[in-house]
Amino acid sequence: MLHNFAGNVEMYGVLDAIASGPIDARTSENSTMVGVGMSMEGIEQNPIVYDLMSEMAFQHNKVDAKAWIDQYSARRYGRSVPSIQDAWNILYHTLYNCTDGAYDKNRDVIVAFPDVDPSFMSIPPEAFQPNENPVAGRAVLKEITDSFDQPHLWYSTSEVIHALDIFIASGDELSESSAYRYDLVDLTRQALAKYANQLFLKVIEAYQFNDAIGVARRSQKFLGLVEDMDTLLACHDGFLLGPWLESAKKLAQDEEQEKQFEWNARTQITMWFDNTKEEASLLRDYGNKYWSGLLRDYYGPRAAIYFKYLTQSLEWGSEFRLKDWRREWIKLTNDWQNSRKEFPVKSSGNALNTSRWLFDKYLGSSAENIQSLHGAATEIVI
């Protein structure tokens with residue numbers, strides 16, 4: 001199984017294929033299969049996928065994925081909660097049912113910011129309308145010069161938001177479980193990341209209509225969302241930047257090596273070092289991560305630079321200064337890679353309370369942000 005590229009943090013899977021594929025491969029007429037294995041570029045995400053795939057090495061028959069899912073939450077959290085079973089069944093039919101044939105490589109705007117002139121960005125008219133067709137979501141970010149990858153969306157986000165609502169409602173029974181808190185943070189992050197993609201499009205839409213006030217207001221909401229997501233990620237050890245950097249430094253045998261190893265670790269998750277002062281590396285954001293510390297210290301400031309040039313373009317009545325944006329973004333990246341700033345290695349904050357707060361702020365049916373993005377729509381597909 002090749003499941004993940006670069007250790008990107010994205011809820012994604014094809015559980016039905018995992019529950020049957022190894023058996024089909026072993027029993028097919030021309031099979032030469034001798035074992036079951038996994039060969040991913042990164043791990044420490046989507047534990048349900050690795051749990052099921054590991055189990056398939058010991059299965060002689062196909063697994064009923066629905067029945068397996070019904071037992072999964074009780075095994076993972078240490079107790080059976082029917083509402084959580086319902087939530088996991090929603091996730092099974094959405095996030096973990098990618099059938100469009102595309103491998104996932106997380107290109108959400110926050111972690112893979114588009115390096116494009118906003119004047120040439122195409123915004124489909126369906127981008128902000130409630131829509132239960134997951135295929136249409138693949139067109140949400142489309143740029144005619146093909147200068148960046150589109151975020152991959154294969155599911156109904158309104159269903160995922162409903163699953164998150166159930167997760168939060170069940171939290172008082174499960175919040176003592178670290179595995180529950182991990183899944184809660186991850187699911188909240190997933191929903192907010194797709195919300196951020198739409199919010200970015202609203203910024204671009206305002207720019208294209210020469211609406212300086214709209215650009216300022218919506219870009220501030222985007223930056224505020226990035227800060228809020230950093231706060232969320234800080235609530236669990238599994239979403240921290242600090243351990244990544246400290247683990248690299250601990251491998252060093254002297255001060256000079258420690259500095260080099262930390263630079264390597266910072267470079268791997270941002271921009272690989274083949275850029276010039278005005279041209280970004282083609283491998284920028286390849287190893288992107290939704291980690292607390294990285295959002296607040298790097299992704300947020302990068303987006304703020306882009307929004308600054310949007311605002312100046314409208315105020316000055318000039319074209320978007322793409323080269324200047326690139327120059328400043330690359331300098332930010334190089335400075336961040338050379339920084340020795342330390343980040344927490346232990347989580348802080350209450351995952352359930354923070355998730356509930358962010359759900360009400362951004363995703364709840366009465367949230368002001370939803371009304372501003374979707375008008376009177378009562379169902380949200382981000």
Side-chain angles (χ1 to χ4, degrees), residues 3-12 40-46 95 102-116 137-138 140-141 143 147-154 157 160 185-201 203-204 219 221-234 236 238-245 265-272 275 280-307 325-326 329-330 332-333 336-337 343 358 362 382:
H3 173 73
N4 184 275
F5 291 88
N8 291 161
V9 180
E10 171 88 344
M11 297 181 78
Y12 160 84
M40 52 280 169
E41 286 189 352
I43 197 168
E44 297 183 352
Q45 30 68 36
N46 293 294
L95 292 170
Y103 280 113
D104 200 51
K105 182 75 176 71
N106 196 336
R107 309 308 295 175
D108 286 337
V109 170
I110 290 177
V111 296
F113 206 84
D115 176 28
V116 291
R138 298 178 66 183
V140 166
L141 282 180
E143 205 279 318
S147 296
F148 69 93
D149 296 331
Q150 301 173 30
H152 180 200
L153 187 63
W154 63 95
T157 52
V160 170
V185 169
D186 201 19
L187 184 54
T188 307
R189 175 211 56 75
Q190 181 80 15
L192 291 176
K194 305 312 171 188
Y195 178 92
N197 290 342
Q198 274 206 330
L199 186 52
F200 174 77
L201 287 179
V203 175
I204 300 303
S219 62
K221 285 186 177 180
F222 185 97
L223 297 175
L225 174 59
V226 174
E227 291 276 329
D228 288 344
M229 289 180 69
D230 193 280
T231 300
L232 168 74
L233 297 170
H236 197 283
F239 299 95
L240 302 180
L241 170 63
W244 169 257
L245 299 180
R266 286 170 174 263
T267 298
Q268 184 176 335
I269 58 177
T270 52
M271 184 186 298
W272 295 15
N275 57 278
S281 167
L282 292 177
L283 285 171
R284 60 186 180 272
D285 296 323
Y286 180 81
N288 63 60
K289 305 287 191 292
Y290 276 104
W291 283 345
S292 177
L294 192 56
L295 272 72
R296 190 183 304 273
D297 211 52
Y298 179 69
Y299 293 139
R302 175 174 65 177
I305 294 170
Y306 189 85
F307 294 147
W325 137 252
R326 286 175 176 163
W329 160 37
I330 293 169
L332 168 75
T333 304
W336 192 86
Q337 291 167 344
F343 295 88
L358 294 178
Y362 293 106
I382 299 174

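One is the number of the first residue; the rest follow in order along the sequence. Every heavy atom of this structure was used, including side-chain atoms; hydrogens, water molecules and symmetry mates were not.
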Residue pair D108, Y290: steps toward the side chain to side chain donor-acceptor pair (under 3.5 Å) verdict: CA-CA 10 Å; D108 286 337; Y290 276 104; 3.2 Å; yes

Rounded distance [0.5 Å steps], CG in L225 versus CG in L295: 9.0 Å

Residues which pass salt bridge (Lys or Arg N to Asp or Glu O under 4.0 Å) with D228, listed by chain and number, not counting sequence neighbours: K361

K194/E10 salt bridge by N-O under 4.0 Å criterion: yes

V111 side chain near V9 side chain, heavy-atom distance below 4.5 Å: no

Cation-pi check, K105 onto Y286 ring (under 6.0 Å, within 45° of axis): yes

Any residue meeting side chain to side chain donor-acceptor pair (under 3.5 Å) with N288, in chain and number order, not counting sequence neighbours: N8

Non-hydrogen atoms of G42 and N4 that approach each other most closely: O-CB, 3.5 Å

Rounded distance [0.5 Å steps], CZ in R189 versus CD1 in I110: 9.5 Å

R266 CZ to Y298 OH distance, which is reported to the nearest 0.5 Å: 11.5 Å

Distance, nearest 0.5 Å, that separates CD1 of I305 from CZ of R326: 14.0 Å

Pair Y299-W291, side chain to side chain contact (heavy atoms under 4.5 Å, CB included): steps then yes or no: CA-CA 10 Å; Y299 293 139; W291 283 345; over 6 Å; no

Test item: T157 and Y195 side chains (from C-beta on) under 4.5 Å apart, heavy atoms: no

cation_pi(R302, F113) dist<6.0 Å, angle<=45: no

Residues in side chain to side chain donor-acceptor pair (under 3.5 Å) contact with S219, at least two apart in sequence or another chain: none

Distance-minimising heavy-atom pair for V109 and F222: CG1-CZ, 3.9 Å

Partners passing salt bridge (Lys or Arg N to Asp or Glu O under 4.0 Å) against E227 (at least two apart in sequence or in another chain): R296

Candidate pair F239 and L294, rule side chain to side chain contact (heavy atoms under 4.5 Å, CB included), full reasoning: CA-CA 10 Å; F239 299 95; L294 192 56; over 6 Å; no

Non-hydrogen atoms of M271 and A280 that approach each other most closely: CE-CB, 3.7 Å

Heavy-atom closest pair, residues G293 and D230: N-OD2, 2.7 Å

Pair L232-V185, side chain to side chain contact (heavy atoms under 4.5 Å, CB included): steps then yes or no: CA-CA 7 Å; L232 168 74; V185 169; 4.0 Å; yes

Rounded distance [0.5 Å steps], CE in M11 versus CG in L95: 5.5 Å

Non-hydrogen side-chain atoms of P114 and F200 separated by less than 4.5 Å: yes

Geometric class of the W325/W329 ring pair [parallel <30°, tilted 30-60°, perpendicular >60°]: parallel

S281: partners by side chain to side chain donor-acceptor pair (under 3.5 Å), with sequence neighbours left out: D274

Separation between CD of Q268 and NZ of K289, rounded to the nearest 0.5 Å: 6.5 Å

Heavy atoms of other groups near E41 CD, more than 12 under 6.0 Å: yes

Side chain to side chain donor-acceptor pair (under 3.5 Å) partners of Y12, counting only residues at least two apart: none

Check against side chain to side chain contact (heavy atoms under 4.5 Å, CB included), F343 and L240: CA-CA 8 Å; F343 295 88; L240 302 180; over 6 Å; no

